[in-house]
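Here the structure is laid out as structure tokens; the discussion comes afterwards.
Here is how names work: the chains are called A, B, and so on, in the same order as the sequence lines, proteins then strands, and each is numbered from 1.
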Amino acid sequence: MAKSTPPPGTADIFPEEISRWYNLEDTARKVFSLYGFGELRTPIFEYTEVFKRGLGDATEVVQKEMYTFEDRGGRSMTLRPEGTASVMRALLNTDVLNGNEKRVYYIGPMFRGERPAAGRRRQFHQIGVENVGRVAPELDAENIAMLMHYLEELKITGAELLINTRGVEKDRIPAAKMLKEYFGASIDTMCDDCKVRLENNVWRILDCKQTACQEFIESAPDVVECFTEETKEYFKRVCEILDSLGVKYTVDKRLVRGLDYYVHTVFELTHPGLGAQNAIAGGGRYEVHLPQQKKPLIGVGFAAGLERLIMAQEALRVINDERLALDCYIVSMGDAARAKALELSGKLRKANIAVIAEVESKSMKAQMRSANRLNAKHVVIIGESELEDNVFVVKNMSEGTQETISFDTDINEITKYFA
RNA sequence: GUGGAUAUAGCUCAGUUGGUUAGAGCGCUUGGUUGUGGCCCAGGAGGUCGCCGGUUCAAAUCCGGUUAUCCACCCCA
């Protein structure tokens with residue numbers, strides 16, 4: 001069949017389902033602004049280096065999921081696979097490097113060349129926030145609290161929050177060494193992915209789901225033991241603040257996350273209503289290195305997947321089906337009446353009344369059915385007799401009542417009939 | 001990249017061990033007294049059964065290939 005399907009992993013979003021999206025976006029704007037965040041819109045593609053450096057060369061995302069292409073000048077560009085790197089690149093133009101705090105959020109499409117599955121698209125949409133420029137456990141905790149606040153407003157209940165600490169660079173050197181020694185002893189019996197990870201990203205082994213690797217991961221030494229007291233204290237403070245804010249969480253020592261820029265607090269929010277791809281949001285504290293920058297940009301943030309938030313809402317039967325509100329549908333009989341209908345529709349729209357005028361010569365019954373199908377609140381009827389008297393009829397569809405109005409009536413007066 | 005499932009009307013799906021003009025519900029459309037919607041009733045339109053090839057007197061049905069979609073692995077939002 002010659003149906004037209006969009007490219008794999010992409011989807012058209014039709015007017016009937018768009019109110020879900022408005023809801024997620026409007027709620028985000030409302031909640032995030034309560035915490036002093038403003039929207040930042042960055043380009044949808046960047047120099048490839050921004051992501052390579054920003055996310056880390058060894059990450060899965062950079063290695064095999066990016067949509068990279070050459071522009072006409074032969075420069076390597078990449079469709080953004082996530083939002084943080086672009087935001088940091090943009091903020092270089094501000095004074096964040098001097099210790100000034102910036103609070104921004106973004107909403108938009110992201111692109112990863114993965115095999116589509118439930119809750120996983122190649123073009124998907126994220127809402128993310130970044131609190132950049134300062135390091136404080138209070139901010140890590142507030143970031144998580146804001147995410148929970150957002151979810152609450154979306155009526156998404158039953159989500160599980162997992163948190164962990166990744167330490168900072170100086171904590172990781174001894175920790176990575178320890179893990180390497182530990183896993184090195186049994187790497188021969190572990191999965192192929194882990195063999196690679198042992199060399200370029202030992203931490204990710206802790207995240208491995210292969211059954212063959214489980215027994216080794218279970219009894220792996222606790223990396224936190226290698227962390228400095230300062231780092232441990234930082235995480236403890238984050239947990240304490242979350243407790244005081246009444247945020248429920250579970251510490252998961254195996255939570256690593258896939259991007260290299262994370263330090264200190266990392267977290268993931270999962271929901272049982274989603275299937276295998278059950279993370280609806282994730283984030284943490286980060287240090288992002290950008291091309292030609294000596295100092296990394298520091299911040300804390302999260303990103304939530306809009307498609308997944310919608311899946312969670314649907315699983316919870318959160319109703320959100322505002323239909324297109326049509327104030328008026330104009331039924332006309334004959335060419336002369338139709339001309340009058342178009343004239344009237346123009347006037348009504350300028351008075352902020354949403355109007356559709358029927359343009360086909362259908363029977364009145366058919367036109368009335370159309371009005372009903374479109375959920376019109378009122379119907380204007382213009383037939384031959386109305387034309388003769390220079391009037392039109394306004395019918396209130398829910399009441400079933402109707403009134404006759406002269407075309408000469410002042411528009412402000414006419415408007416009242418559509419209230 | 002690897003595995004599994006599916007592919008019939010705009011949508012959701014039936015279609016028996018191959019057998020005449022391929023079905024239902026919803027939707028769409030026309031009408032049910034001249035110009036009034038929803039409910040109800042009666043008609044109507046709409047499908048090269050994903051595509052290509054094979055087996056057969058005969059294929060939506062069996063076989064092979066191909067493409068697409070979905071699900072899972074993986075990874076993450």
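When the C1' atom is used for both B:rG50 and B:rA68, the distance is 7 Å, rounded to whole Å. B:rU30 and B:rG46: their P atoms are spaced 15 Å apart (whole Å). Comparing the P positions of B:rC62 and B:rU17 gives a spacing of 10 Å, expressed to the nearest Å. To the nearest whole angstrom, the two C1' atoms, one in B:rU48 and one in B:rA22, are 13 Å apart.
Distances shorter than 4.0 Å separate some side-chain N or O of A:R121 from OP1 or OP2 on B:rC70. For the OP1/OP2 pair of B:rA77 and a distance below 4.0 Å, the side-chain nitrogens and oxygens of A:R80 include no atom meeting the criterion.
If you check every strand for non-hydrogen atoms under 4.0 Å, A:R115 touches a base. Using a 4.0 Å heavy-atom cutoff across all strands shown, A:E386 reaches at least one base atom of the nucleic acid. A:Q402 comes within 4.0 angstrom of a base, heavy atoms only.
At a non-hydrogen distance threshold of 4.0 Å, A:A279, A:I280, A:A281, A:G282 from residues 279-290 of chain A come into contact with RNA chain B.
Of the candidates A:T27, A:N23, A:V318, A:K155 forms a side chain to side chain contact (heavy atoms under 4.5 Å, CB included) with just one, namely A:V318.
Taking the six-membered ring where tryptophan is involved, the planes of A:H149 and A:Y35 are perpendicular, since the angle between them exceeds 60° and thus also 30°.
For A:F227 and A:F235, the ring centers sit 6.0 Å or farther from each other. Annotation: A:F183 is not in aromatic contact with A:F216 [ring centroid separation under 6.0 Å not met]. No close placement of the A:Y262 and A:Y286 rings is indicated, their centers lying 6.0 Å or farther apart.
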Under-3.5 Å N/O pairs linking protein and nucleotides 30-33 of chain B:
| from | atom 1 | to | atom 2 | distance (Å) |
| --- | --- | --- | --- | --- |
| B:rG31 | OP2 | A:S363 | OG | 3.2 |
| B:rG31 | O6 | A:R369 | NH2 | 3.4 |
| B:rG32 | O6 | A:R369 | NH2 | 3.3 |

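Sequence order on RNA chain B of the closest nucleotides to A:A117 and A:G258 puts A:A117 first from the 5' end.
With B:rG35, B:rG1, B:rA77 as the choices, the nucleotide that has an atom nearest any side-chain atom of A:R308 turns out to be B:rA77. Of the candidate nucleotides B:rG37, B:rA77, B:rU36, B:rG37 has the atom nearest to the side chain of A:M397.
Nucleotide B:rG44 is matched to B:rC28 when pairs are restricted to Watson-Crick or G-U wobble geometry with both distances under 3.5 angstrom.
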